[in-house]
Enquirer: 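Sending over a structure as structure tokens; questions will come in a sec.
Here, residue 1 is the first one in the sequence, and each next residue gets the next number. The shown structure was predicted, so the numbers you read here are calculated from the model rather than taken from an experiment.
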Amino acid sequence: MRRLLAMALLPLLLVASGCSDPGSALSRAESTGILNVGVVDNPPLTVPDGGGDVSGPAADMITGYADSIGAHPSWQVGELDALAAAVDRGEVDVIIGANSPTKGVTATASSATGGVVLVGEQEEPLKDSISAWLADQG
């Protein structure tokens, strides 16, 4: 009986703990209308204003992508390694403003002005979607 109860509660515990399904960031952003964007402070590419907004070409680029999937960005400013850990926990979908990838994240195709977008290593649907969108932008 305890084993059955434990097996029944395990999925609920995983959801409550913030674990995310690999490859689910794109569908989550499309269904919630929110793309959780980690931002590395890296002027002029990304410039957090302290009031919760971010400007710069990378911010403009990811806002355009978010619009294309029916979402808007929700910004989270931090250091690259902390943001990569947040991607792993499913708290952040993408990272902008970084000069290079770090453990747990991989780069999409790059934009001439906005640099690269980093996504979780298992987020192929999101990576492919961003790369295709960037290619369409020229």
Enquirer: For the CH2 atom of Trp133 and the CG atom of Asp67, what is their distance to the nearest 0.5 Å?
Expert: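 Nearest 0.5 Å value for the CH2-CG distance: 8.5 Å.
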Enquirer: Measure the spacing between OG1 of Thr113 and CD of Gln137 and express it to the nearest 0.5 Å.
Expert: 10.0 Å
Enquirer: State, yes or no, whether a side-chain contact exists between Gln76 and Leu83 at a heavy-atom distance under 4.5 Å.
Expert: yes
Enquirer: When rounded to the nearest 0.5 angstrom, what distance separates OG in Ser129 from CD in Glu123?
Expert: 11.5 Å
Enquirer: Between Asp49 and Val54, is there a donor-acceptor pair closer than 3.5 Å when you use the side chain of the first and the backbone of the second?
Expert: no
Enquirer: Calculate, to the nearest 0.5 Å, the distance between atoms CD and NZ belonging to Glu121 and Lys103 respectively.
Expert: 9.0 Å
Enquirer: Where do Ile96 and Val37 land on the side chain to side chain contact (heavy atoms under 4.5 Å, CB included) test, with the steps shown first?
Expert: CA-CA 7 Å; Ile96 60 170; Val37 180; 3.9 Å; yes
Enquirer: Could you walk me through whether Val105 and Val119 pass the side chain to side chain contact (heavy atoms under 4.5 Å, CB included) test, one step at a time?
Expert: CA-CA 5 Å; Val105 293; Val119 300; over 6 Å; no
Enquirer: Say whether Val92 and Trp75 are linked into one hydrophobic cluster, either directly or through other cluster members, by side-chain heavy-atom distances under 4.5 angstrom.
Expert: no
Enquirer: Show your working on side chain to side chain contact (heavy atoms under 4.5 Å, CB included) between Leu126 and Val94 and close with a plain yes or no.
Expert: CA-CA 9 Å; Leu126 180 59; Val94 300; 3.6 Å; yes
Enquirer: Let's go through Ile95 and Val87 carefully: what are the C-alpha distance in whole Å and the side-chain angles of both, what is the deciding distance for side chain to side chain contact (heavy atoms under 4.5 Å, CB included) to 0.1 Å, and is it a yes or a no?
Expert: CA-CA 8 Å; Ile95 300 171; Val87 167; 3.9 Å; yes
Enquirer: Report yes if some heavy atom in the side chain of Asp136 is under 4.5 Å from a heavy atom in the side chain of Leu134; otherwise report no.
Expert: no
Enquirer: Quick one: pull up CD1 in Ile130 and CG in Asp93 and give me the separation to the nearest 0.5 Å.
Expert: 9.0 Å
Enquirer: How close do Asp41 and Pro48 get, counting heavy atoms only, and between which atoms?
Expert: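 The answer is OD1-CD, 3.3 Å.
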Enquirer: Can you find a heavy atom in the side chain of Pro57 that is under 4.5 Å from one in the side chain of Leu45?
Expert: yes
Enquirer: Applying the 4.5 Å side-chain criterion to the ILVMFWY set and letting contacts propagate, would Tyr65 and Met61 be lumped into a single cluster?
Expert: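 Yes; Met61 is reachable from Tyr65 via cluster members.
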Enquirer: Where the side chain of Thr46 meets the backbone of Val39, is there a donor-acceptor pair that is under 3.5 Å apart?
Expert: no
Enquirer: If you count every heavy atom of other residues, nucleotides or ligands that lies below 6.0 Å from Glu124 atom CD, does the total exceed 12?
Expert: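 Enclosed: over 12 neighbouring heavy atoms sit under 6.0 Å from CD of Glu124.
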Enquirer: Answer yes if Val77 and Leu118 sit in the same cluster of Ile, Leu, Val, Met, Phe, Trp and Tyr residues linked by side chain heavy atoms under 4.5 Å apart, and no otherwise.
Expert: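 The answer is no; the residues belong to distinct hydrophobic clusters.
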Enquirer: State yes or no: do Ile69 and Ile62 share one hydrophobic cluster built from I, L, V, M, F, W and Y residues joined by side-chain heavy-atom distances below 4.5 Å, directly or via other members?
Expert: yes
Enquirer: Looking only at heavy atoms, which two atoms of Ser131 and Thr108 are closest? And how far apart?
Expert: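 Closest heavy-atom pair between Ser131 and Thr108: OG-CB, 3.6 Å.
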Enquirer: To the nearest 0.5 Å, what is the distance between OG1 on Thr32 and NE2 on His72?
Expert: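 Nearest 0.5 Å value for the OG1-NE2 distance: 8.0 Å.
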Enquirer: Side chain of Ser110, backbone of Val116: donor and acceptor closer than 3.5 Å?
Expert: no
